[in-house]
Amino acid sequence: MRYQNWAGNFTYGATEMINPESVEHLQRLVKEHRKIKVSGSGHTFNSITDTDGIFVSLRHWNRMLELNEERGTVTVEGGITYGELCVELSRTDYALHNLASLPHITVAGAAATATHGSGSRNGSLAAAVEAVELVDANGELHTFSRGDAEFAGVVVNLGALGIVTKLTLKVVPAYSVRQFVYENLPLSQLEANAAGIFAGAYSVSLFTDWQQPRFHQVWTKCREEDGASYAGHADYYGARPAAAPLHPLPNMQAENCTEQLGRPGMWHERLAHFRMEFTPSAGKELQSEYLMSREHVYQAALAVHRLREHLAPILFVGEVRTIDADDLWLSPFRDQPSVAFHFTWRDDWQAVERVLPLLEEALAPFNARPHWGKLFTVPADALRGQFDKLPEFRKLIDKYDPDGKFSNEFLDTYIRPARK
């Protein structure tokens with residue numbers, strides 16, 4: 001049997017999937033096989049999780065193991081998704097600081113690839129990690145905690161160091177959120193007002209097809225305790241309040257989106273754009289994303305807009321949002337408050353592959369880094385040059401996977417080319 005990712009655009013080399021019954025079983029599998037990887041939720045679009053060995057599935061390892069109120073942390077198994085964790089946390093008085101657009105992805109996979117939500121003061125999902133437990137290539141179990149010398153290198157690990165069996169995340173007191181959507185924000189507002197636009201709510205996302213010099217929707221998610229901001233605005237920097245619930249993709253029904261129009265709901269019911277029980281986004285699609293220092297948002301937006309004729313035939317929608325800085329070695333947000341330019345493409349890789357070099361050339365002056373789990377064509381040398389801690393990360397690979405048991409073509413190309 002051959003396995004594919006969520007989008008169906010990539011077929012993995014693995015032809016066998018094993019469901020380990022315990023950590024001990026997983027350790028034996030790692031020792032016995034020359035090549036092995038975790039299949040995850042499949043919500044990556046390139047070969048980063050590929051293997052020509054076996055897949056292990058941790059989908060049944062989806063429990064919330066411990067809520068430590070004294071430390072303000074929750075410990076979960078390595079196969080749990082954010083949707084599943086949200087259900088468990090909703091029964092407590094605690095919450096996560098943020099969520100990605102989709103609740104269907106695994107916590108371990110999101111941390112390993114520096115996946116993020118939105119909010120100028122909110123770090124990536126990986127920034128919430130307090131401890132990681134993983135099985136290395138020798139089948140040995142290791143725990144890395146915040147403050148340990150190797151911790152900042154292990155969190156965003158790209159699957160290169162081992163198989164994550166547990167994660168401990170920072171939690172915060174539960175909170176309520178109201179979501180307001182606005183229409184038609186002029187792109188020109190970013191020149192003088194970018195900081196205010198993105199700081200106007202706990203989480204802000206700008207959506208556009210880049211065909212006009214405007215964002216057709218602005219999604220704001222406001223914590224109720226933030227005061228008057230959750231009451232909504234009659235005018236959001238020139239954008240007007242939506243009169244009815246909207247989907248980010250024009251002409252699509254909003255029923256699979258989280259509640260809008262300021263209706264209050266708990267954090268897990270509002271922070272993601274899409275509900276757990278519905279197909280996320282457009283379903284069959286491709287994705288790319290580029291991340292850069294927040295100061296470049298206006299000029300980068302102009303650069304993307306200039307490519308509108310190339311984008312028009314293949315782009316479903318683009319999203320622009322902000323993320324706070326962190327200290328993780330392979331995080332695109334390391335030491336820089338950032339902005340993300342996300343692109344949801346039609347399922348036509350040949351057409352997308354022709355456009356990506358144009359897009360990457362336009363964003364190169366801003367030192368844009370591609371999302372590890374999405375589609376890009378940035379040359380390997382250029383990508384490696386953007387991460388100053390990469391030599392230290394390679395030492396971690398040498399220590400925990402010296403023979404490349406967890407490696408693949410992606411990692412051999414972009415992380416440790418000497419293994420090719």
Aromatic contact, F45 with H43 (centres under 6.0 Å): yes
NZ on K221 to OG on S203, rounded to 0.5 Å: 5.5 Å
Nearest atoms (heavy-atom pairs only) where H97 meets L125: CE1-CA, 4.4 Å
Heavy-atom donor-acceptor pair, D401 side chain to K405 backbone, under 3.5 Å: yes
Nearest heavy atoms of F333 and A114, plus distance in Å: CE1-O, 3.5 Å
Salt-bridge contact K395-E392 (side-chain N to carboxylate O under 4.0 Å): no
Rounded distance (nearest 0.5 Å) linking atom CG of L363 with atom CD of E360: 8.0 Å
Beyond-backbone contact of V304 with L359, side-chain heavy atoms, under 4.5 angstrom: yes
Backbone of L328 reached by a side-chain donor or acceptor of S331 within 3.5 Å: no
Test: R223 cationic atom under 6.0 Å from Y202 six-membered ring centre, within 45° of axis: yes
Side-chain donor-acceptor contact under 3.5 Å, T322 with S120: yes
Geometric class of the Y400/F144 ring pair [parallel <30°, tilted 30-60°, perpendicular >60°]: perpendicular
E84 and N62: side chain donor to acceptor below 3.5 Å: yes
Reported CG-to-CG distance for the pair D235 and L185, which is rounded to 0.5 angstrom: 9.5 Å
Residue pair N256 / H247, side-chain heavy-atom distance below 4.5 Å: yes
Among K166, R146, K170, the one residue meeting salt bridge (charged side-chain N to carboxylate O under 4.0 Å, His left out) with E130: R146
Residues E269, R275; criterion salt bridge (charged side-chain N to carboxylate O under 4.0 Å, His left out); working and verdict: CA-CA 8 Å; E269 298 171 333; R275 300 181 186 183; over 6 Å; no
Side-chain touch L390/L330, heavy atoms, less than 4.5 angstrom: yes
Side chain to side chain, L96 and L85, heavy atoms closer than 4.5 Å: yes
Exam field: side chain N5 to backbone F10, donor-acceptor pair closer than 3.5 Å: yes
Atom NZ of K374: over 12 foreign heavy atoms under 6.0 Å: yes
Main-chain N/O of G265 paired with S176 side-chain donor or acceptor, under 3.5 Å: yes
Carboxylate-amine/guanidinium proximity below 4.0 Å for D347 and K284: yes
Shortest non-hydrogen separation from T113 to W372 and the atoms involved: O-CD1, 3.9 Å
Y236/F215 aromatic ring centres below 6.0 Å: no
Any donor-acceptor pair under 3.5 Å from S47 side chain to D50 backbone: no
Gap between atom CG of N408 and atom NZ of K35 - 0.5 Å precision: 7.0 Å
F376 ring center within less than 6.0 Å of Y414 ring center: yes
Donor on one side chain, acceptor on other, T73 and T168, under 3.5 Å: no
Check: N193 side chain, L190 main-chain N or O, donor-acceptor pair, under 3.5 Å: no
L286 side chain near R346 side chain, heavy-atom distance below 4.5 Å: no
Salt bridge (charged side-chain N to carboxylate O under 4.0 Å, His left out) between E259 and R270, worked out: CA-CA 7 Å; E259 286 272 4; R270 297 293 182 273; 5.1 Å; no
Shortest non-hydrogen contact between S118 and N98, atoms and distance: O-ND2, 2.7 Å
Evaluation steps, ring-ring contact (aromatic ring centres under 6.0 Å, His included), between W345 and F316: CA-CA 5 Å; W345 309 106; F316 276 127; 9.8 Å; no
R416 vs D398 side-chain heavy atoms within contact, under 4.5 Å: yes
CD/E361: more than 12 non-hydrogen atoms of other groups inside 6.0 Å: no
Non-hydrogen side-chain atoms of M17 and I54 separated by less than 4.5 Å: no
Donor-acceptor pair, side chain of T220 and main chain of F180, under 3.5 angstrom: yes
Whether W61 side chain and P20 backbone form a donor-acceptor pair below 3.5 Å: yes
Centroid-centroid under 6.0 Å between Y290 and H371 rings: no
G159 backbone acceptor or donor facing K37 side chain under 3.5 Å: yes
Residue pair Q4 / T11, side-chain heavy-atom distance below 4.5 Å: yes
Minimum-distance pair of heavy atoms, taken over all atoms of A242 and E183: CA-OE2, 3.8 Å
Of R321, E289, Q287, the residue whose pairing with H342 passes side chain to side chain donor-acceptor pair (under 3.5 Å): Q287
Stepwise salt bridge (charged side-chain N to carboxylate O under 4.0 Å, His left out) check, R34 with D403: CA-CA 9 Å; R34 182 185 62 85; D403 296 323; over 6 Å; no
Minimal non-hydrogen separation, A110 against Y82, with atom names: CB-CE1, 3.7 Å
Straight-line distance of Q211 CD to L311 CG, nearest 0.5 Å: 7.0 Å
Cation-aromatic face contact R369/F387, 6.0 Å, 45 degrees: yes
Side-chain H-bond candidate by donor/acceptor type, E319 with S205, under 3.5 Å: yes
I323 backbone acceptor or donor facing S338 side chain under 3.5 Å: no
Residue that, paired with Y12, satisfies ring-ring contact (aromatic ring centres under 6.0 Å, His included) out of F410, F55, Y3: F55
Nearest-0.5 Å distance that lies between atom OG in S293 and atom CG in N367: 9.0 Å
